[in-house]
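Worksheet: the structure to be examined is printed underneath.
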Amino acid sequence: MTRASAFRYQAIADALRIRIGEGEFPGGRVLPSESDLSAQYDASRVTVRKALEALRDESLIDSRQGFGWFVATDPLRQSLGRLGTIEAQLAEGGVETKRHILGFGFVTAPKDVAEKLNATRVLEVVRLNLADGQPFARVTVWVPDDLAAELSYTVAEKMSFYDSLPVSIGGATQTIGAALASDADAGLLQVPPGSPILRCHRLTKSVDGRPVIFSEFVFPAHLTEFVVDLPQADASIAPTGLRLVDQP
């Protein structure tokens, strides 16, 4: 490598380090693509990649196949050992949370939702959850219309459904799987289309066993970890928060 090219990649690394330090790219956010950075700094992609690799060596940024480069950050952790809202769990860790309601209305239940809730008409609420001001999850919640008749947009924005429904919550079953971000979710979560996500489906029941809430959560995979306690137990006792579910 010539002295000029070495100076060039170091100058680009310095510039990106300043932009990250000033908050232009918060923790977990995706950086412009290598081709975009090449255009911004009038440099070859080889030089840009060398600058990015230098910042990765400093643990300032990281990369994933098919995802690109992003500002390194510790994933936000959620426990599967107890039923609760993601906002409550994140708040316990000192993370500031906020909801933006993207859709609120009574609709004909999609087929899978109708089967889960035994309901043909439901309240559907779509929201974007923020963690410390950054997109963290796209959440869609469905509730049978007879239970949601008194719910308002304001209630959905400010309160958990666990606290606002006229029933006592008994428990829930949650399934988690890997998927790829749709164009719509990628735009909301500020990740590349087709990048890895975690998709969670949760069916919540009342104390008398009635299905009362069906929820879908979509998280950027690089920002989220799920934690399960595994106490020593005999084969007849399942680990806390974890069990195998037969798939239809």
Side-chain angles (χ1 to χ4, degrees), residues 77-92 97-129 136-179 182 185 188 197-219 224 226-231 233 236-248:
R77 311 183 83 194
Q78 299 182 60
S79 172
L80 296 177
R82 58 189 173 86
L83 180 61
T85 66
I86 58 176
E87 291 97 337
Q89 290 205 36
L90 295 180
E92 288 177 1
T97 64
K98 191 173 182 179
R99 300 177 176 183
H100 286 319
I101 301 298
L102 307 176
F104 180 97
F106 288 88
V107 300
T108 300
K111 182 179 179 181
D112 60 331
V113 175
E115 292 174 352
K116 295 289 187 181
L117 294 176
N118 297 321
T120 58
R121 191 161 179 80
V122 295
L123 172 65
E124 179 183 79
V125 178
V126 184
R127 71 175 189 255
L128 179 66
N129 278 49
F136 173 64
R138 189 270 294 163
V139 183
T140 304
V141 182
W142 296 272
V143 178
D145 62 347
D146 64 307
L147 295 178
E150 301 301 321
L151 296 183
S152 67
Y153 180 103
T154 301
V155 169
E157 187 175 40
K158 302 298 183 183
M159 294 180 61
S160 162
F161 282 99
Y162 296 151
D163 298 323
S164 56
L165 291 185
V167 294
S168 296
I169 301 300
T173 299
Q174 181 162 297
T175 60
I176 304 171
S182 66
D185 282 334
L188 289 173
I197 58 170
L198 295 176
R199 177 178 288 122
C200 306
H201 289 137
R202 179 186 293 179
L203 180 63
T204 302
K205 296 183 178 181
S206 64
V207 291
D208 60 3
R210 178 187 175 182
V212 294
I213 305 171
F214 185 56
S215 310
E216 180 181 68
F217 304 81
V218 173
F219 304 97
T224 305
F226 290 96
V227 182
V228 180
D229 292 325
L230 299 173
S236 65
I237 302 177
T240 301
L242 178 66
R243 66 184 179 91
L244 298 179
V245 178
D246 293 333
Q247 297 297 314

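Note: hydrogens, waters and symmetry copies are ignored here, and every other heavy atom, side chains too, is used. Since we're looking at a predicted model, the values are computed, not measured.
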Do you know the tightest heavy-atom contact between Val212 and Leu165?
O-CD1, 4.1 Å
Can Leu203 and His201 be said to form a side-chain contact (heavy atoms from CB on, under 4.5 Å), step by step?
CA-CA 7 Å; Leu203 180 63; His201 289 137; over 6 Å; no
For the student: nearest non-hydrogen atoms of Pro211 and Lys205, plus distance
CA-CG, 4.0 Å
Acceptor/donor pairs from residues 107-126 side chains to any protein atom, 3.5 angstrom cut, sequence neighbours excluded:
{"residue": "Arg121", "atom": "NH2", "partner": "Phe106", "partner atom": "O", "Å": "3.2"}
{"residue": "Glu124", "atom": "OE2", "partner": "Trp142", "partner atom": "NE1", "Å": "2.9"}

Nearest heavy-atom contact between Phe219 and Phe226 is CE1-CZ, 3.7 Å
Interatomic distance, CZ@Arg127 vs CG@Leu102, rounded to 0.5 Å, equals 10.0 Å
Run the numbers on Ile213 and Val141 for side-chain contact (heavy atoms from CB on, under 4.5 Å), then give the verdict.
CA-CA 7 Å; Ile213 305 171; Val141 182; 3.5 Å; yes
Contacts of type side chain to side chain donor-acceptor pair (under 3.5 Å), residue Thr140, not counting sequence neighbours
Arg138
Any Phe217 side-chain heavy atom under 4.5 Å of Ile176 side chain
no
Please assess Val218 against Leu188 for the test side-chain contact (heavy atoms from CB on, under 4.5 Å), listing each intermediate value before the final yes or no.
CA-CA 10 Å; Val218 173; Leu188 289 173; over 6 Å; no
Report, one line per pair, each donor and acceptor closer than 3.5 Å where one atom sits in a side chain of residues 148-161; sequence neighbours left out.
{"residue": "Ser152", "atom": "OG", "partner": "Val155", "partner atom": "N", "Å": "3.2"}
{"residue": "Ser160", "atom": "OG", "partner": "Tyr162", "partner atom": "N", "Å": "2.9"}

